[in-house]
Amino acid sequence: MSRYTIGQVERKTGLSQRQIRYYEQKGVVRPERTAGGHRLYSEDDVARLQSLASFLARGYTLAQALAALQARPARRRVEELPAKEGFVRPEAPSLYPLVGRDQFLRRLRERERDDEPGQDG
DNA sequence: TTTCTGACA
DNA sequence: TGTCAGCA
């Protein structure tokens, strides 16, 4: 499995090194360390950070993006998650309470018609 | 040259 | 979150 330095992850995700380290503190990723203490990120770490960046780009607050990431710990498709769970509305995440999975998917698809697709769903 | 931690704004 | 210092 390939590993990436923070500099490589910075280029792949568009996030700053400062942000990447901060999100590690928040528990988003748990990179390995070299003997010298340098971080080594896995493909999965990069994917999670790309998802986070995608959520932030869509207007989610950091708290909402983190919550959304926790709702999908391992690259699970939204369709596979319990319909009962709450999801952040894709069209204006900071203005509304959580909605059900099906409504989330419907709104997301409506939004994706006129919006550019993100890195991740 | 790149990354690390800690700290300030 | 950006940025700087001082290391390894």
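All chains are named by letter (A, B, ...) in the order of the sequence lines, taking the proteins before the strands, and each is independently numbered beginning at 1.
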Exercise. Which heavy atom of A/E10 sits nearest a heavy atom of A/S16, and at what distance?
Worked result: OE2-CA, 4.0 Å
Problem set entry | Least distance between heavy atoms, A/Q50 atom then A/T13 atom | CG-CG2, 3.7 Å
Seminar exercise, completed: Between A/S2 and A/E43, the two heavy atoms sitting closest are OG-OE2, 2.5 Å
Exercise. Got a second to check how far A/I6's CD1 is from A/Q19's CD, nearest 0.5 Å?
Worked result: 10.5 Å
Seminar exercise, completed: Heavy atoms of A/V28 and A/R48 approach each other most closely as O-NE, 2.8 Å
Exercise. Given A/Y23, which of A/L49, A/L69, A/V29 fulfils the side-chain contact (heavy atoms from CB on, under 4.5 Å) condition?
Worked result: A/L49
Exercise. Of all nucleotides in DNA chain C with an atom under 4.0 Å from a non-hydrogen atom of chain A, which is the first and which the last going 5' to 3'?
Worked result: C/dT1 to C/dT3
For this session: For residues A/Q8 and A/R3, report the shortest heavy-atom separation together with the two atoms involved.
Result: OE1-O, 4.0 Å
Exercise. Between which residue ranges does DNA chain C form stems of three or more consecutive Watson-Crick or G-U wobble pairs, both distances under 3.5 Å?
Worked result: B:4-9 with C:1-6
Seminar exercise, completed: With B for base contact, S for sugar-phosphate-only contact and - for none (protein heavy atoms under 4.0 Å), nucleotides 2-9 of chain B reads BBSB-B--
Exercise. Taking atom CG of A/D45 and atom CG of A/L40, what is their separation to the nearest 0.5 Å?
Worked result: 10.0 Å
For this session: Please determine if A/R39 and A/E32 form a salt bridge, counting it only when a charged side-chain N lies under 4.0 Å from a carboxylate O.
Result: no
Problem set entry | Euclidean distance, A/L56 CG relative to A/L15 CG, rounded to 0.5 Å | 7.0 Å
